[in-house]
Each structure stands twice: as structure tokens, then as C-alpha cells.
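For reference, the structure is listed below as C-alpha cells.
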Amino acid sequence: MSQEMIRLTDVAKSFTLHNQDGATLPVFAGLSMSVAAGECVALAGPSGKGKSTLMRMLYGNYLCPAGSIEIRHKDGWTDVAGADPRSILDLRRWTLGYISQFLRVVPRVSTLDVVAEPLVSRGVPPEEAQEKAAAILTRLNLPESLWHLAPATFSGGEQQRVNIARGFVAPFPVMLLDEPTASLDKTNREAVLDLIRDAKARGVALIGIFHDAETRNAVCDREFEIASYAVAA
Ligand SMILES: Nc1ncnc2c1ncn2[C@@H]1O[C@H](COP(=O)(O)OP(=O)(O)OP(=O)(O)O)[C@@H](O)[C@H]1O
Ligand SMILES: [Mg+2]
């Protein structure tokens, strides 16, 4: 059995709807799961059952009010549910990568720098970081003519590839993928699947949301059905 990298225990989430007299919207409860090194787990379930919510909780963007979300980090475990902002930043710098559905574009920063940034923030010299960024952009078939432009005006599929390149440029041991192939054609989808396969072979633990079953089956070892933990409203 490979080493556990992600461990969720008794996680629950509900939203308080402040514009509806503080009504509570329960999403899930009693959710436990773990993911081992080298494994890719598909987060599955009908729309609205909390897949993206759980992803944001894993990354520390949404609070986790109950249970624990432990990620193996450096020589121990970090519980995202109780971690202070500095620990979350350290976790994100060294351990936890996240490819969101859409690229958050920073105006005027070139594609090459956007992709190189996770390496630069780890102290890799900018030139070396840019070389690695160029290599991964090549793998994702992003034309070199675009590398020195800011991605704000890129097409959906081009922006998504910049996003993916940024996510895979640094060797994160744990990765979260939210629909990484949604706006890509077959060739580029294959390129992304290859990156995921390489990551698995290096022992990376991944959790992904993939709406397309063919893509899911190509890289995921199993599915985790979030609807099993649904709470009736
Ligand atoms: N910030 C928020 N405030 C209030 N309610 C929210 C918030 N984020 C999500 N929700 C609610 O939580 C539930 C789960 O939403 P979520 O986006 O996680 O679903 P999902 O499983 O990712 O669905 P889809 O497959 O459509 O992307 C939904 O009912 C949604 O309205
Ligand atoms: Mg979603």
C-alpha cells in the first residue's frame, strides 16, 4: 500500500445564506476518504452536490467547519481545517498544487512569467524557471508567439493550457484538478492526460473533477461519490 497523502475525516459543510434570512444550506456531512501517493481519484456526483466546494475546502479557500483535511506536508501533516494563513501559504508553495477551472489572469504579466511563477516563488532562479515554463508550454502546444504576451486575451483553450502549465511546472506532491480538460481539443486533452500520468508515476496524489467519462477513465484509479454524503435540506 502506497503512502497516504490526503486524509479527510468526518468533513462537513453547510452554507449560511445571509441574503435569505440566514437560512442554512447543508451540502455534505460525515465525509471521510484518503488518497495515496501515485493515485488519481475522481470526485464524482450530480451537479450541486458539492464537488467544487470540497475542492475549495481542500485548497483552503473555503472554511472547513467540521472534521479535518490533512495533507502530508514536509515531515508531517498539515490540517487545512485548522491551519493559519501562513501554513496554508507554505503548503501551497511546496506541496499542494491546484488547477482551477479558469485561469485567474494578472494583467500585463507575460505567459512565460505566469507559468514560471510557482518555481520562482520556491527560489528557482528566474532563467531556469522560464526554461522549465517554456518546456511545459511546448508540451501543451502553446505557440511560442504567445509566450511573451499576457494571457488576458487568449482563447478559452489557450488560457486553460497556461493554467495547466502553471499547475504542473513545479513538482507538487499533491494536486487538485477542477475540470482541467474541459475546453480542450483531443490532441491537447491527450497532452494533459500525459502530464497526469507522469505525475502519478512520480508518486503524486491527485483529486480531480472530470465531467467527461472517457477522460476520467483514462487516468483515474477510482471514483469518490460525493452524493453518498449529501445532507437533506
Ligand atoms: N459560496 C457559496 N455560498 C452559498 N452557497 C454556495 C456557495 N458555494 C456553493 N454553494 C452551494 O453549495 C452547493 C454545492 O455547490 P458546488 O459548486 O460545490 O457543486 P458542484 O458539485 O461542484 O456542482 P457542478 O457539477 O454543477 O459544478 C450548491 O447548492 C451551491 O449553490
Ligand atoms: Mg463544480
Side-chain angles (χ1 to χ4, degrees), residues 6-35 39-71 79-83 85 88 91-92 96-105 156-157 159-164 166-168 172 174-184 188-189 192-193 195-196 205-233:
I6 307 173
R7 196 160 62 197
L8 274 63
T9 312
D10 242 349
V11 173
K13 182 71 178 173
S14 58
F15 290 105
T16 305
L17 307 172
H18 296 288
N19 55 0
Q20 287 178 45
D21 296 329
T24 313
L25 178 76
V27 186
F28 47 71
L31 188 155
S32 299
M33 73 171 307
S34 66
V35 183
E39 208 181 13
C40 180
V41 174
L43 207 52
S47 175
K49 292 298 179 192
K51 301 181 296 297
S52 297
T53 297
L54 183 61
M55 218 55 137
R56 292 183 187 123
M57 289 166 77
L58 277 156
Y59 201 59
N61 280 343
Y62 278 180
L63 287 178
C64 176
S68 61
I69 298 178
E70 294 167 292
I71 310 275
D79 181 3
V80 177
I88 297 277
L91 186 73
R92 290 176 181 179
L96 186 61
Y98 176 46
I99 299 178
S100 60
Q101 198 168 356
F102 302 104
L103 177 68
R104 218 176 323 144
V105 190
Q159 287 195 1
Q160 183 63 328
R161 280 178 285 154
V162 174
N163 209 17
I164 291 160
R166 185 183 152 87
F168 279 106
F172 292 110
V174 178
M175 291 194 64
L176 309 173
L177 317 172
D178 194 346
E179 299 261 4
T181 57
S183 37
L184 302 183
N188 286 313
R189 197 162 59 230
V192 176
L193 293 180
L195 285 169
I196 297 174
L206 302 105
I207 298 183
I209 303 174
F210 300 92
H211 275 155
D212 156 41
E214 194 185 323
T215 309
R216 187 162 60 226
N217 296 336
V219 286
C220 295
D221 302 287
R222 61 189 162 95
E223 283 185 22
F224 179 78
E225 176 54 64
I226 201 166
S228 314
Y229 302 90
V231 183

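No experiment lies behind these values; they were computed from the predicted model shown. Order of appearance sets the numbers: ligands from 1, and atoms from 1 within every ligand.
Residue contact check: K49 has heavy atoms under 4.0 Å from atoms 19 (O), 21 (O) of ligand 1. Residue H211 has at least one heavy-atom neighbour below 4.0 Å for each of these atoms of ligand 1: 25 (O).
Of the protein's non-hydrogen atoms, the one nearest atom 23 (O) of ligand 1 is G48 N, 2.8 Å. Looking at atom 12 (O) of ligand 1, its nearest protein heavy atom turns out to be F15 CE1, 3.4 Å. Looking only at protein heavy atoms, the nearest one to atom 31 (O) of ligand 1 is L25 CD2, 4.3 Å. Looking at atom 1 (N) of ligand 1, its nearest protein heavy atom turns out to be Y62 OH, 3.2 Å. In this structure, atom 27 (O) of ligand 1 lies nearest to the protein heavy atom S52 OG, 4.0 Å. Scanning all protein heavy atoms for the shortest distance to atom 15 (O) of ligand 1 gives T53 OG1, 3.7 Å. From the protein, the heavy atom lying nearest to atom 26 (O) of ligand 1 is S47 OG, 2.6 Å.
Here S52 meets the criterion, with an N, O or S atom under 2.8 Å of the Mg ion (ligand 2).
Ligand 1 lies within reach of L17, whose nearest heavy atom is under 4.0 Å from it. The shortest heavy-atom distance from K13 to ligand 1 is not under 4.0 Å. For G45, the heavy-atom gap to ligand 1 stays at 4.0 angstrom or more.
Between S68 and V11, the closest heavy-atom pair is O-CG2, 3.4 Å.
The closest side-chain heavy-atom distance from K13 to P65 is below 4.5 Å.
For ligand 1, none of its N or O atoms has an N or O atom of V27 under 3.5 Å away. At least one N/O-N/O distance between K51 and ligand 1 falls below 3.5 Å.
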Next item on the list: Output, in order, the C-alpha distance, side-chain angles, deciding distance and verdict of salt bridge (Lys or Arg N to Asp or Glu O under 4.0 Å) for R222 and E39.
Entry: CA-CA 9 Å; R222 61 189 162 95; E39 208 181 13; 2.7 Å; yes

